[in-house]
Amino acid sequence: MYEPSSVEGKWQKKWEEAKTYEIDLKNAKDPFYSMVMFPYPSGDKLHVGHWYNFAPADSFARYMRMKGHDVFTPMGFDAFGLPAENYAIKTGVHPDDSITTNVETMITQLKRIGTMYDWSKMVNTSKPDYYQWTQWLFLQMFKNDLAFKKEASVNWCESCQTVLANEQAQDGTCERCDTEVIQKPMTQWYWKISDYSQRLLDGHDNLDWPEKTISMQKNWIGKSEGCDVTWKVEGSDLSLDTFTTTVDTIYGVTFAVISPEHPELENIVTAEHKDAVAAYQNKAIKKTDIDRMAEGKKKTGVDTGAFLIHPFTGEKVPLWVADYVLMNYGTGVVMGVPAHDQRDLDFATSYGFSIVQSIQSDTGETFVYDDVDKYNVKGEIVESGDFTGMSILDGRKKITEALEAKQLGTAKVQFKLRDWSISRQRYWGAPIPIVYDPEGNAHAIPEEHLPWELPRDVEFKPTGTSPLAQSKELKERTEKIFGAGWTPEVDTMDTFVCSSFYQFRYLAEGSDTEFVPKDIAKKWMPADMYIGGPEHACMHLIYSRFVTMALKDFGFIDTEEPFKRLVHQGLITNGGAKMSKSKGNVVSPDAFIEKYGSDTFRMYLMFMGPFTDGGDWNDTGINGTDRFVKRLWRLFDEFKFSPNGSEEKEVTSKLHATIKKVTNDMERLQFNTSISALMELLNLLEKAEKIDEDTAKTMIKLLAPLAPHLAEEVWEKLSGDGFVIDQDWPTYDEALLVSDTLTIAVQVNGKLRGTISVDATASKEDIISQAKADPNVSKFTDGADIKKEIYVPGKLVSLVI
RNA sequence: GCCGGGGUGGCGGAAUUGGUAGACGCGCACGACUCAAAAUCGUGUUCCGCAAGGAGUGAGGGUUCAAUUCCCUCCCUCGGCACCA
């Protein structure tokens, strides 16, 4: 009887004692860096989602190790952040204390999976030995003008009482708690990720990442090519710029619209329209993103009374205020072309602007740009002065050049990606290493004072200003070092800063003098494999690319990209719904581990379906892998293996076919079909009279990445040398895959009518005549003309009558 | 609205370049063992049909000796983005 609990504990202990998974980073010959997205150490036990991410990732890492690589797979904890702080507010337990306990429990739990983590290089982002490097990173950004402070309208979550980055406020709700996000003007620290927009796009070409993730990032970065047009304000020295991707429609402009938040607006609006505009601005500012979205396509606006001068025709174009124009994209002013833009058309229809056509398709029809690819559009320019008759794309270029010549415009590339707001008004994060002199100017804290420790003497309850502001210790520390009247920055950093560089800190082995040894980073980075959830596509996975690029520019590393290959595991649902405490449908792995053991449980998760698809939890499905494990054990426990070379040929050839299949599948992380191939092999072995000892050993090696504990136990039984995980991955012999006889399918008029068994050496003619002779086939061909005979080597014969 | 993934038995799913659709497993049915049950083992299990045979991979059409796979039209579904000028 196989006893998983004792066997698994035994091998986990042996691996640990032998330091099997501790990697010598400096001397490794064939590095393979395999990472999973590190978890948040909550007080709860590991859930199925953790297992579904970590266990298959470990199986892949084990496979790479047996292929001969020095596989480094570290583990750490993304420990700063709101849950620990909210727990502290509720219970009074300091986050540092609860996190320390949680990390310990979580390590114990993670060890039960039986993974290859090199615990000697663990990181915990909430400990000073880690966050001193978070702060160091801030200082490098500051030194290189990539960190700056500005007042702007920011995303504010009332429930979390903090600012959020744009990436964390997608669709207008808080990423953490789903509360509606409001806009609020605040002074905040930003990192200039927008400087890297083009580079973040260019890098995609060299990444082995899911298409979907890349397209999501592209979408988020949002590159548009077009031009800025300068419009003089009638009767004033002022002018306004509009950004457009389709300047070919400039002769179709019948109005212009300015955003209610535009800073120049108050200088432009005429006296008699001031009140109406002010009222509209007030209303607009109060609206949340949700309100604006709820209004859908309905457009509102009011007249400013001002006019802009058309750069070509000199005509007066009325300027209106409307909240469908965004202040944080482009210039905050838009030229209105109702004939060729749906939004402008909606607006024009509501307020009675005329509609003037200026382009037409190649079939002579008018169209709006929503329906066509504006960068590949075909058609010509009409009613547009000197530009009439030009093709749209050519005209677009010529108009831009003409504007440039008049100094009334310039070609421009516009991105949607905005700078990363990193300040948070919360306690449990890395303090921003900045102090202010008595005049209020920001100064970097010199590196020798890092870690700039998070003070403990604060109330956690958020009030909208950072809890650090109450700390007497922090205030005194600041004055003691920098002088009387100096004050500390009291905001902490977004936790996504902490996780943007941990791939390097694993490699630093806790060094407090060096961010990462350059030669080690060169040897190991970029990480070869990174496995984690797709929800990070436009957050962590953009930030860590940006930070890596910046660190390269600062000269600390030579790597452009953090993660070479990226794979997203799928989601495990229960009853078709996402598991959540509130729904009460969370499956706890513990009971299953207790009953079946880690190997069975992880194999079941992998066998459910393709790793990247996830699947729906089913309580009885695990019976299948449980039987598989028990049958394996019985076979290896009871069977007397025979001397090499004595088994049936069928067994040998199936073994080699299995090696081939499992190897190909592991390479592509198709664990489900790897396991089914091993099940097929077992089905055959159970019927075999004789099995070579080598065949038994080879099968165990194939099983080792998938069921690591069971494989070690059997390997020991078969008196194999050392650990099975240290063995070489089996290779197959193509020659042994070919059997003596072939099974050939025979089709008549495309329908399967019979199968024949032929000698592998038989000629095409032989096979076709045998096919015709088969009674199941001749039944259909008798008395008919065979018009065509097709033979697909080794597969089938197709007869056409 | 735009972008991307996906629709295969009762269920999860498999099917290198078009070449025997349903591997592997769950479940179910029957049988063996047992006083009995569980466990285990054996047999069967896409649908219709006693059978011969016919139908069949979301729907409809096309290319081909041959289509889950390629092409066209449409439906459904999941995920992402969404007034980005």
inquiry  = If you apply the rule salt bridge (charged side-chain N to carboxylate O under 4.0 Å, His left out), what do you find for D665(A) with R668(A), and how did you get there?
reply    = CA-CA 5 Å; D665(A) 287 349; R668(A) 290 177 297 166; 3.4 Å; yes
Nearest-angstrom distance, C1' atom, U46(B) to G9(B) = 5 Å
key: Comparing V333(A) and G609(A) on RNA chain B - which has the more 5′ nearest nucleotide   = G609(A)
ask   = Within the modelled atom types, does a donor on one side and an acceptor on the other bring the side chain of E211(A) and the base of G5(B) under 3.5 Å apart?
value = no
key: Nucleotide A82(B), atom P - distance to NZ of K416(A) in whole Å   = 7 Å
inquiry  = Pairing check on A66(B): which nucleotide meets the Watson-Crick or G-U wobble criteria with it, both distances under 3.5 Å?
reply    = none
query = If you measure from the C1' atom in C3(B) to the same atom in A23(B), how many Å do you get, rounded?
reply = 35 Å
task = Please check the phosphate of G25(B) (OP1 and OP2 only) for any side-chain N or O of R627(A) closer than 4.0 Å.
result = no
request  = Could you state the atom-to-atom distance from CD of Q670(A) to P of A23(B) in whole Å?
outcome  = 18 Å
task = Using a cut-off of strictly less than 4.0 Å, decide whether N618(A) has a side-chain nitrogen or oxygen near OP1 or OP2 of C11(B).
result = no
inquiry  = What is the separation between atom CH2 on W617(A) and atom P on G12(B), rounded to the nearest whole Å?
reply    = 16 Å
inquiry  = If you assign N749(A) and G222(A) each to the RNA chain B nucleotide with the nearest heavy atom, which residue ends up on the more 5' nucleotide?
reply    = N749(A)
inquiry  = When you measure from the side-chain N and O atoms of R753(A) to the phosphate of U20(B), is any distance below 4.0 Å, counting only OP1 and OP2?
reply    = no
query = Does C2(B) have a Watson-Crick or wobble mate here (both distances under 3.5 Å), and if so which one?
reply = G80(B)
ask   = For A36(B), which nucleotide in any strand shown is its Watson-Crick or wobble partner with both distances under 3.5 Å?
value = none
message = Pairing check on G53(B): which nucleotide meets the Watson-Crick or G-U wobble criteria with it, both distances under 3.5 Å?
response = C48(B)
key: Residue-phosphate contact under 4.0 Å: K578(A) side-chain N/O, G79(B) OP1/OP2   = no
query = Which of these nucleotides, C26(B), A15(B), U20(B), is closest to any side-chain atom of T673(A)?
reply = A15(B)
ask   = Is it true that the side chains of T410(A) and D228(A) contain a donor and an acceptor less than 3.5 Å apart?
value = no
ask   = D626(A) has an atom CG; how far is it from atom C1' of U40(B), in whole Å?
value = 12 Å
query = How would you label the contact of P534(A) with the nucleic acid (heavy atoms, under 4.0 Å): base, sugar-phosphate, or nothing?
reply = nothing
query = Quantified in whole Å, what is the P atom distance between nucleotide C70(B) and nucleotide A51(B)?
reply = 36 Å
request  = Please work out if R631(A) contacts a base, only the sugar-phosphate, or nothing of the nucleic acid, heavy-atom cut-off 4.0 Å.
outcome  = sugar-phosphate
inquiry  = What contact category does T743(A) fall into here, base, sugar-phosphate, or nothing, at under 4.0 angstrom with non-hydrogen atoms?
reply    = base
query = So what does N683(A) touch, heavy atoms closer than 4.0 Å: a base, only the sugar-phosphate, or nothing?
reply = sugar-phosphate
query = Do the non-hydrogen side-chain atoms of I268(A) and H262(A) ever get within less than 4.5 Å of each other?
reply = no
ask   = Does the side chain of L710(A) come within less than 4.5 Å of Y2(A)'s, by heavy atoms?
value = yes
inquiry  = Taking any heavy-atom pair under 4.0 Å as a contact, classify D616(A): base, sugar-phosphate, or nothing.
reply    = nothing
query = Counting only side-chain N and O atoms of S224(A), is one of them less than 4.0 Å from OP1 or OP2 of A85(B)?
reply = yes
task = Return no unless some side-chain N or O of N219(A) is found under 4.0 Å from OP1 or OP2 of A82(B).
result = no
message = Would K299(A) pass as a cation-pi partner of Y324(A), given that its NZ or CZ must be under 6.0 Å from the six-membered ring centre and within 45 degrees of the axis?
response = yes
inquiry  = Need one value for S798(A): base, sugar-phosphate or nothing, where a base atom within 4.0 Å counts as base even if backbone is also close, heavy atoms only.
reply    = base
key: P atoms of C48(B) and U64(B), separation to the nearest Å   = 35 Å
message = What's the gap between G22(B) and C72(B) when it is taken at their C1' atoms, as a whole Å value?
response = 28 Å
key: Nucleotide C65(B), atom P - distance to CG of L796(A) in whole Å   = 14 Å
ask   = Do F496(A) and W420(A) have their ring centres less than 6.0 Å from each other?
value = no
note = Answer for the Watson-Crick or wobble partner of A23(B), both distances under 3.5 Å, is none
query = Which part of the nucleic acid, if any, lies within contact of K751(A), taking any heavy atom under 4.0 Å across all strands shown: a base, the sugar-phosphate backbone alone, or nothing?
reply = sugar-phosphate
query = Expressed in angstrom and rounded to an integer, what is the separation of Q217(A) atom CD from G79(B) atom P?
reply = 21 Å
query = Would one find a side-chain N or O of K661(A) under 4.0 angstrom from OP1 or OP2 of A14(B)?
reply = no
ask   = For the ring-ring contact (aromatic ring centres under 6.0 Å, His included) test, which of F628(A), Y52(A), W617(A) pairs with Y604(A)?
value = W617(A)
inquiry  = For the C1' atoms, the ones on G58(B) and on U69(B), what distance do you get once it is rounded to whole angstrom?
reply    = 16 Å
task = Specify the separation, in whole Å, of atom CD of E680(A) and atom P of C24(B).
result = 5 Å
message = Please determine whether a side-chain nitrogen or oxygen atom of Y329(A) lies at a distance below 4.0 Å from atom OP1 or OP2 of A85(B).
response = yes
request  = Using a 4.0 Å heavy-atom cut-off across all strands, classify T755(A) as base, sugar-phosphate, or nothing.
outcome  = base
ask   = Is there a donor-acceptor contact under 3.5 Å from the side chain of S194(A) to the main chain of L417(A)?
value = no
Short N-O contact, E680(A) and K661(A), less than 4.0 angstrom = no
inquiry  = I'd like to know if K212(A) reaches the base of C3(B) with its side chain, counting only an N/O donor and acceptor under 3.5 Å.
reply    = no
note = When both distances are under 3.5 Å in a Watson-Crick or G-U wobble arrangement, the nucleotide paired with U43(B) is A29(B)
message = From CG of N623(A) over to C1' of G27(B), roughly how many Å is that when rounded to an integer?
response = 10 Å
message = With syn defined as a glycosidic angle within 90° of 0 and anti as the rest, where does G56(B) land?
response = anti
ask   = Base, sugar-phosphate, or nothing: which does K374(A) touch, judged by heavy atoms less than 4.0 Å apart?
value = sugar-phosphate
